[in-house]
2 protein chains.
Amino acid sequence: MTTDMGNVTSNDRGSEGEPKRADARRNRQAILDAAAAVFVTSGVNAPIREIAAKAGTGTATIYRHFPTRADLIVAVYRHQVDSYAEAGPALLASTASPYEALRAWIDLFVDFLVTKHGLASVLQSDDQRFDPLHEYFLERLVPVCGQLLEAAAVGGEIRCTLEPHELMRGVGSLCIGADRTSGGDPRPLVAVLIAGLRP
Amino acid sequence: MTTDMGNVTSNDRGSEGEPKRADARRNRQAILDAAAAVFVTSGVNAPIREIAAKAGTGTATIYRHFPTRADLIVAVYRHQVDSYAEAGPALLASTASPYEALRAWIDLFVDFLVTKHGLASVLQSDDQRFDPLHEYFLERLVPVCGQLLEAAAVGGEIRCTLEPHELMRGVGSLCIGADRTSGGDPRPLVAVLIAGLRP
DNA sequence: GACTAACCGGAACCTCGTCCCATTTACTAT
DNA sequence: ATAGTAAATGGGACGAGGTTCCGGTTAGTC
């Protein structure tokens, strides 16, 4: 008669599953807070042990909650990514031209990437280990980008020579290394890229 | 060959210093050959031990000849980079319009980068360790790029809204991850970027 | 042929990612 | 309240890779 509440054998803590026990939930939050802090100072590739130390847990606990580094990064930035996804339609509604909305939205995304040390690099990495991260960003933002592109295309403001995911990948790529002191602002480059969409 | 051994730093074993003893010269060449082969199969971040094994030397020998990985990469690709640098003026002379020359030259550079696994990533890395590599590529190619940009600008074919080094960095960034199976061809993106230079 | 200094290469050390396992702890039924 | 149980924990072990040290080896010279 032991309770069979959730006898899910496999770990259900994938990306979204909140742990059931209170201590696990607490630890999960502590890890998220610590990771967010460490990412700011040491970048998204900071050693796991550093995050564990700051969270006051062992390294295994981090791996239990977030099997890969990509899962941890997704969890830390999920809210921000979601808010950018929602900002797309809002900009489309509030801006004069769809092309301007696209430009403003891309600017938001660039601002996001340049403040996250190493995030852009990791987003373009061909390391299989980061596929979940890659996938989440694309799955969440590509539809929005496609919507903006489509709106600008029907208005004749741009020629649709690029797929939405290509544009996102390009913008992400241009933001790599933007936090170097010697590496300048990626915004001029992004501006040229967006200008290249015009007919 | 190289006569510009002028004002590098005190460390003159850095890029070009040929060893004096015959065995050292032989080992240096063996390392270069092995590295070139390994870079093709395992990318420019292949383990040092792998290169050493293929060259039939110890790891310390590699570090003695090429203190950093950047030095090794520069030595392996120096000839190709130099040939691309020389291709710039040639294209300018043989092509109808400077803008077309610029486009053809950029295409050459993209072809070079996409065939070198991980080279583009390393070129944009903010790891201090790769600064010599970064520096060599920029120092060699930026002037050529500037020449092409300038020629196209005086012809009124483009607006000079971008510095040469910015353009090179942008093209390099767009080529990151181009060797992934899922990551597509960077050429459409580069084409849009170049199109964005037009007035 | 002997001497010297440059050179060599394997081994050792360090960092980091990853996983195992003995121990602890939160929840539930009695 | 309490005992039982499964979930959760964290320290440490293991492996991969970068970097350096050190005793042995060898090319070039007298």
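Lettering of chains follows the sequences in order, A, B, ..., and the numbering in each one begins at 1.
Residue A/His65 has no polar side-chain atom (N or O) positioned under 4.0 Å from OP1 or OP2 of D/dA8. Dashed line: the shortest gap from a side-chain N or O of B/Asn27 to OP1 or OP2 of C/dC7 is not under 4.0 Å. Under 4.0 angstrom from either OP1 or OP2 of D/dG10 there lies at least one side-chain N or O belonging to A/Thr61.
No donor-acceptor pair under 3.5 Å is formed between the side chain of A/Thr95 and the backbone N or O of A/Leu92. Judged purely by atom type and a 3.5 angstrom limit, B/Asn27 has no side-chain atom pairing as donor or acceptor with the backbone of B/Ala24.
A cation-pi geometry, defined here as NZ or CZ lying under 6.0 Å from the six-membered ring centre and within 45° of its normal, holds between A/Arg78 and A/Tyr136.
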Note to self: For nucleotides 13-23 of chain D, give me one character per nucleotide, 5' to 3': B if any protein heavy atom sits under 4.0 Å from the base, S if the only such contacts are to the sugar-phosphate, - if neither.
What the structure shows: B---BBBBB--
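By the 4.0 Å N-to-carboxylate-O rule, A/Arg169 lies too far from A/Glu166 to be salt-bridged with it. Between B/Arg140 and B/Asp82 there is a salt bridge, with a side-chain nitrogen of the basic residue lying less than 4.0 Å from a carboxylate oxygen of the acidic one.
The side-chain contact (heavy atoms from CB on, under 4.5 Å) test applied to A/Thr115 returns no partner, not counting sequence neighbours.
Distance CZ (B/Arg25) to C1' (D/dG28): 11 Å, rounded to an integer number of Å. For B/Arg26 and C/dA6, the CZ to C1' distance is 14 Å, given to the nearest whole Å. C/dG9 atom C1' lies 11 Å from atom CD1 of B/Ile62, rounded to whole Å. Rounded to whole angstrom, the span from the CD atom of B/Gln29 across to the P atom of C/dC8 amounts to 14 Å. Taking atom CD on B/Glu18 and atom P on C/dA6, their separation rounds to 18 Å, with Å as the unit. Atom CD1 in A/Ile51 sits roughly 12 Å away from atom P in C/dT18 (whole-Å rounding).
Counting only heavy atoms from C-beta on, A/Arg21 has its side chain closest to D/dA8 among D/dA8, D/dT9, D/dA27.
Both A/Gly58 and B/Asp23 sit near DNA chain D, but only A/Gly58 has its closest nucleotide nearer the 5' end.
Within 6.0 Å of CZ on B/Arg198 lie no more than 12 heavy atoms contributed by other residues, nucleotides or ligands.
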